[in-house]
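Just below is one structure, and these are the notes that go with it.
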Amino acid sequence: METFQSLLAKRLSDALAKAGLPNAGELTPATDRRFGDYQTNAALVLGKQRSENPQTLAERVIAQFDIGDLCEPPTVAGAGFINFTLRADAIAKKAGEVLRDERLGVARTKSTRTIVIDFGSPNVAKPMHVGHIRSTVLGDALARIAQFLGHEVIRDNHIGDWGTQFGMVIYGWKNLLDRQSLQRDPLAEIVRIYRETNERATRDPQVREACRQELVRLQAGDRENIDIWNECVAFSMQDFEHVYTLLDVHYDIQCGESFYNDRLPAVVERLLKSGIGEISEGAVVVFFRDQPELANKPCIVRKRDGGYNYATTDLATVDYRVNDLKADTVWYVVGAPQSLHFKQIFEIARREGYSADFRHITFGSILGEDRKLMKTRSGENVPLRGLLEEACKRARKIIEEKNPDLSEADKTDIAHKIGIGAVKYFDLSQYRMTDYIFSWEKMLSLQGNTAPYLQNAYVRIRSIFRKADESAPKIGKSRRRGDTDSSCGELILDDRAEINLAKRLCQFAEIVPQVLNDFRPNILANYLFELANSFHTFYEACPVLKSEEPARSSRLTLCDLTGRVLQRGLDLLGIKAPDKM
RNA sequence: GCGCCCGUAGCUCAGCCGGAUAGAGCAACGGAUUUCUAAUCCGUAGGUCGGAGGUUCGAAUCCUCCCGGGCGCGCCA
């Protein structure tokens, strides 16, 4: 199925050829409703290239343009824009095609890639906190969208399960552990002993040294320390899994840092052998002397004491993903502060000859009402699990107010879908680079660009079909997919609100692929908001069940399609649509 | 010091590989409801796009400089 945009673009290029002109400019959605549905600046670009009058060129192009039954005769406007307005019957026809398409018109990509997406990546021995929302939610949405477009996606949780912090955890485990607390709330106890050890270590050099010794023993494979480490990892994983269940986020592999331990020496040897790495002040370092940006920013891959750091691990990870997982594309959904680090890693990988497409997908921070990094009152990170539970609790309270007659089970289920959806949508609906201020009130509002607003549009649709089934059961059946009844899928678009809604539905296929251009799910979120808005307008203006045939069936079909696009769109963002709310 | 990111309505944000008179939502004000869930819709008002130059038919968007905020820069991850 082709979108209006690609159809018009083809006809434009035909018209240009017939007018003896080369392809130029682009055909895009109109910037303003006044200008119709689509516009092209082709004549402006050509006018500039050949120093001719753009308006005259535009007229020449229009004269050759085969509008067929797609649109009204194009018009020239402004400095030389050509504007296109779709015909209602063309929209009805296209919407019918979308309706009969499993994929709602979204084309599969022509160049399938194998993409490893590195996102989430929490640290062991620390609970997940609010800072993990963006990476987790953004990475998951990108994974869903890439997969839907037909790419081979491998979701990888690069867990921070190795590193110097374990010296302290093990020291704390051996000296400060309270077994009962550990049984009650394992992660809380591990965090406690870690913090306490950390405090002691900053005061007491002897403790610091003891921690270092524990770390050395762990890295040397000491049985006892390995056992302790394993236990800590297991406890942390339980906590992560709980959060992932709440969020409905799942990974294909979870290769944490420790997974790469035995590959690290080879990385350094390789770098030394190829001359990319060199010894400097006892450490193995990669310099970037020819790159102004990195000239004074060397990358250490083996410390003076022989230990490895996270640059080494990330290089081993590159090798594993490219050579073992056969990835040709790797997306790192990691906060902006690490951009220097990834520049270095990507540059080293390039020098070593890895040709995969590496992207660091950065994002801004989540701020509290005080516009500073979001923290608890005592200045600590806000635990994610508690935050998500509170989202559900708050959603539940609103449900109790608005719809108290729902069953207990329904309330719990809906509160979960709304609460989690609200948190995710609030994040995804904003441009990923901007810092945003966390606000319960805004994300759970039923008005404006929020998850509940979109979910409500879906609920209204489901409600119509519940009513329709009661009054006329056969309509429920006839809207099944694959039904050959010709009355189904025939759209009659008379009202302005119907035309607008149908037009929006046709745009879904144009929007989804755009998200991956610059990794912006907010484009999709924005579209869904506009779709829900168009639906609500339609809902107010056009009675469905009370209207006469054939409008009634047509409107039911429109509702059905809107529901499916909303549901699919939300699903691509990792958000669920409840039937009632 | 060097580098990266951000600065758009009172508030929260879109728009940024150049396009027409810069858009939403919230808050404010004015309307619509014997409802297919008003959990909504329609309307009004609100702007030197941080500032100054430059590039051109055209700049919020591209380039340079400046101001303001955030972050990062050799042995943590």
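In what follows, chains carry the letters A, B, and so on, assigned in the order in which the sequence lines appear, proteins first and then strands, with residues in each chain numbered from 1.
- With centres under 5.5 Å and a plane angle under 30° as the test, the ring of Y431(A) is not stacked against the base of rA14(B).
- Closest contact between the side chain of E293(A) and the listed nucleotides rG74(B), rG3(B), rC13(B) involves rG3(B).
- Taking side-chain N and O atoms only, N533(A) has a distance below 4.0 Å to OP1 or OP2 of rC41(B).
- Close to rA14(B), at under 4.0 Å from its OP1 or OP2, lies a side-chain N or O of T434(A).
- In this structure, R520(A) reaches the rG15(B) phosphate: one of its side-chain N or O atoms is under 4.0 Å from OP1 or OP2.
- Ring orientation note: the planes of W229(A) and W162(A) are nearly perpendicular, at an angle over 60° on the 30°/60° scale.
- Of the listed nucleotides (rG19(B), rC73(B), rA20(B)), rA20(B) has the atom at the smallest distance from the side chain of F35(A).
- Ring geometry, F259(A) versus Y320(A): the interplanar angle exceeds 60°, so the pair is classed perpendicular (tilted spans 30 to 60°).
- When the P atom of rC76(B) is taken as reference, atom CG of L215(A) falls 10 Å away, rounded to whole Å.
- Along RNA chain B, the nucleotide nearest to T40(A) and the one nearest to M581(A) differ in position, and the one closer to the 5' end is contacted by T40(A).
- Checking the phosphate oxygens (OP1, OP2) of rA20(B), a side-chain nitrogen or oxygen of T31(A) falls inside 4.0 Å.
- Atom name P, nucleotides rC11(B) and rG50(B): the rounded distance is 14 Å, in whole Å.
- Taking the side-chain hydrogen bond (donor to acceptor under 3.5 Å, both in side chains) definition, one finds that E199(A) meets it with nothing, sequence neighbours left out.
- Distances shown here put every side-chain N or O of N53(A) at or beyond 4.0 Å from the OP1 or OP2 atom of rC57(B).
- Of the candidates rC11(B), rC41(B), rG74(B), rC41(B) carries the atom nearest the Y453(A) side chain, counting heavy atoms from C-beta on.
- Between the C1' atoms of rC13(B) and rC17(B), the separation comes to 22 Å (whole Å).
- Legend: residues meeting side-chain hydrogen bond (donor to acceptor under 3.5 Å, both in side chains) with D494(A), ordered by chain and number and at least two apart, are absent.
- A salt bridge links R34(A) and D32(A); the closest N-O separation between the charged side-chain nitrogens and carboxylate oxygens is under 4.0 Å.
- Each of E540(A) and W162(A) was matched to the nucleotide of RNA chain B holding its nearest heavy atom; the match closer to the 5' end belongs to E540(A).
- Within the 4.0 Å cut-off from OP1 or OP2 of rG72(B), not a single side-chain nitrogen or oxygen of K343(A) is found.
- Regarding N522(A), its CG atom lies at a distance of 10 Å from the P atom of rC16(B), rounded to whole Å.
- The distance from atom OH of Y436(A) to atom C1' of rG70(B) is 17 Å, rounded to the nearest whole Å.
- When rounded to the nearest whole Å, the span between CG of D427(A) and P of rU12(B) equals 17 Å.
- Separating the C1' atom of rU34(B) from that of rG30(B) is a span of 24 Å, rounded to the nearest Å.
- In this structure, S463(A) reaches the bases: a heavy-atom distance under 4.0 Å links it to at least one base atom across the strands shown.
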